[in-house]
Amino acid sequence: MSNYLYKLDHMLSAGKGRQILWLAVFVTFLLGLFWGINAIMGYPISFRYMISLMLSPGEFYYDNHLGFQVFINLIGLVLVSSMLISLLSNIVENRVTAFAKGLVRYSFRRHTLFLGADDMLADTIKGQCSADDRGAIVVLTEQDAEQVRKHLQAQIQNRRISRRIIVLYGDRTRMEQLESVYADQAKRIFILGENNEPDHDTKNILCLSELKSLSVATKHVLDCYLLCNHLNTLRILQLQTKPLPDTMRLTVMNAPESWAQRVLVNGEGYPALYRKEHISADDAEAVHLVLLGCSQMAYAMAFTAAHTAHYPNFHTQGIVTRITMIAPDMDIHSDFLRSHYASLFRLSRWTTTWWTKENGKSTIHHEIHTPEPDYNFMDIDWEFISARVDTPEVRDLLSQWSSNEQEMLTICVCSDDMRSNLATALYLPEEVSTNNIPVLVYQSSNDALAQWTKEFTRYKNIYPFGMREDCYDPHFRTRLSWAMAANDAYEDNAARLNPQRKRKSWHDLKLTLQFSNIYSANYAYCVLRRVEPEFYARLEHQRWMTERLLLGYKAMTKAERTRIEKMSEADKYREMDKLDPLFMHPNIQPFEELTDESVQKDEVMVQSLLKQLKHLEDGKSV
């Protein structure tokens, strides 16, 4: 009996097509039954009148046999009419429920597609979707579609945008779901992912793979933006050597790095690491960035500083930039950094510091690494301190650094605990606020409380950053245009040296080269345009070496570099093709040992890039 009830429930809960079919079968059965009775009893009621009796209760066509006609009327009234009304209301109710759950599918074309609905969704829609655009804004999410829809309506006040938003339920990693939202017809695709996904980056990469297959199969060009939350994922993508298909254009975004670039490159109301309008080789001050706490954001801030904090006074006075990281478990983090970025730290000067206590007495310990003489040419020193921020030893260091007039100090509080970050910023040593040392405070949720503290004179030097609700980077497209200008500058220079070489557009580049252009352009904007032209090549070389070392490239010995320098140009190109897969490059060396050709190439490229950046800043076409 249960099996039959299950089959009945399954039938009644099926789609509207199945329900209409079953109703038609049931009505046909009743008509056949009545017609059989009519034939057996010899009643004169025609088939056409029998249908009328069922569908129009209260109508009688014969004076005789009223009982049989009334019976047909009652069956039509009670069963057929009521079932038809129930069916129609059920269809409407199911449609409404399916819409609320995001299960209804529509046909789209030239729409903006968001795959995933994390905290960045509303802000990204506001930043990327114009009110004047008529295309649909489609969101495919594994979350409750109705809750996502309500959240977006509350966050996006512009009705011309919010009424175009269609929220659908589905898994972004499944091809059939991507096809159901017409991903191949989308104008732009943002692969954002969901909130608190432990495998967020993995699923986004899998989604990208499905889109790649879809673009190849349909021959439609897909303009994709991929969000990754971890720097390791970003590094893996940067090292991809296999080119994307011609049918896909990919832009990779990393949330922590994007915020780090907003703060350290664009400024956006944040104080610069080098707080002078003109950067002179005669300046005696050294830049010092202190990171309190370790997180993905701390790593992003450290590496963005490593990409951009190269200054001319290193070449004239030997003054280096210092990046200090302080955390209770810094020994674990320093081991992680030095193993994952072994190429960089092999050539860098670094120190680990910790304290031990015995009989109430504190003893300081250091481990110091100095590169071999042939490799001691990097301009950034690293320091790792294993201690809590509230210990007397660390507070004394912060006080000393804050009072040091020979340093441009910036403190960045960026653990994963937002409350602890703000508390740490509020209770730093008095010398920090007295000397107006900028304190950047990572606040991933919102910055309301941190902004309120700035009303007090003592805390006017606090700058919250990293808020997920303010995640849309208004300067991202600007930095992308700078990077494209950097690629144009490189291609112009390459064409000058080799007219036969095929010019590469932005979308022809591997991701490694795209990011290289991004870092080059960022540095040109925030540093190179503020220095004397005679230092262009030197500083660009320091930046380029840091970039290569962070990617895992290794320096070669002086003997190996000399051997390559003696080769003919043709042999050099062949040798470089062999070295690149091995992550080795002969130009990772002191600037003084570069060939005149390499120096001239850097100078010409930087001058061309700065000229193009000036044109972009002035709103002129490049």
Side-chain angles (χ1 to χ4, degrees), residues 231-232 273 286-306 309 320-372 375-376 378-404 406-417 419-432 437 439-442 549-550:
L231 291 173
N232 278 341
L273 293 178
V287 165
H288 187 187
L289 174 64
V290 176
L291 299 157
L292 305 180
C294 272
S295 62
Q296 288 292 310
M297 184 62 76
Y299 292 159
M301 293 294 284
F303 294 147
T304 300
V320 298
T321 296
R322 266 207 301 166
I323 298 177
T324 300
M325 304 183 76
I326 304 175
D329 54 351
M330 196 63 240
D331 54 334
I332 298 173
H333 290 284
S334 64
D335 288 344
F336 169 84
L337 289 170
R338 287 186 282 113
S339 62
H340 280 60
Y341 301 94
S343 297
L344 174 67
F345 286 102
R346 180 187 170 211
L347 271 64
S348 299
R349 293 167 298 278
W350 53 263
T351 304
T352 58
T353 301
W354 69 98
W355 288 267
T356 58
K357 285 191 177 181
E358 187 175 351
N359 299 325
K361 184 180 178 181
S362 181
T363 305
I364 191 169
H365 304 273
H366 298 291
E367 179 187 356
I368 301 174
H369 172 264
T370 303
E372 298 172 18
Y375 299 107
N376 195 3
M378 300 302 291
D379 62 345
I380 295 180
D381 287 0
W382 298 77
E383 186 174 16
F384 307 105
I385 299 178
S386 297
R388 296 198 321 272
V389 179
D390 56 356
T391 59
E393 292 83 2
V394 171
R395 291 182 65 84
D396 286 344
L397 285 176
L398 292 173
S399 297
Q400 293 170 23
W401 294 335
S402 299
S403 302
N404 187 350
Q406 298 301 307
E407 284 192 347
M408 294 186 190
L409 178 66
T410 300
I411 297 174
C412 182
V413 190
C414 46
S415 75
D416 281 323
D417 187 338
R419 292 183 180 179
S420 173
N421 287 348
L422 185 56
T424 298
L426 295 178
Y427 296 104
L428 288 172
E430 186 176 351
E431 289 83 357
V432 174
I437 304 299
V439 179
L440 308 173
V441 186
Y442 177 35
L549 292 169
L550 280 170

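Throughout, residue positions are numbered sequentially from 1 according to the sequence presented.
Of all the heavy atoms in M301 and L291, the pair that sits closest is CB-CD2, 3.9 Å. Taking every heavy atom of both residues into account, N232 and H340 meet most closely at OD1-CD2, 4.1 Å. When all heavy atoms of A387 and I326 are compared, the closest pair comes out as O-CG2, 3.7 Å. Scanning all heavy atoms of the two residues, the minimum distance from I323 to A306 falls at CD1-N, 4.1 Å.
Listed by chain and residue number, nothing satisfies the ring-ring contact (aromatic ring centres under 6.0 Å, His included) test with Y375 (two or more places apart in sequence, or in another chain). Checked against ring-ring contact (aromatic ring centres under 6.0 Å, His included), H366 has no partners two or more places apart in sequence or in another chain.
Between the side chains of E431 and S399, a donor-acceptor pair is found at a separation under 3.5 Å.
Proximity of W401 to T324: side-chain heavy atoms (C-beta onward) are separated by under 4.5 Å at one or more points. Taking the side chain as every heavy atom from C-beta outward, F384 and L337 approach each other to under 4.5 Å. Considering only heavy atoms from C-beta on, L231 comes within 4.5 Å of F303 through its side chain. Within the 4.5 Å cutoff, no side-chain heavy atoms of S348 are placed close to those of I380.
Enclosure of atom CZ in F336 by more than 12 non-hydrogen atoms of other residues, nucleotides or ligands within 6.0 angstrom is indicated. By the neighbour-count criterion of 12 heavy atoms within 6.0 Å, atom CD of E393 is densely surrounded, having more than that number from other residues, nucleotides or ligands.
Classified by interplanar angle (parallel below 30°, tilted 30° to 60°, perpendicular above 60°), the ring pair H369/W350 is parallel.
Each salt bridge (charged side-chain N to carboxylate O under 4.0 Å, His left out) pair with one or both residues in residues 341-350, not counting sequence neighbours, appears once here: R349-D381.
Y299 has its ring centre no less than 6.0 Å from the ring centre of Y341.
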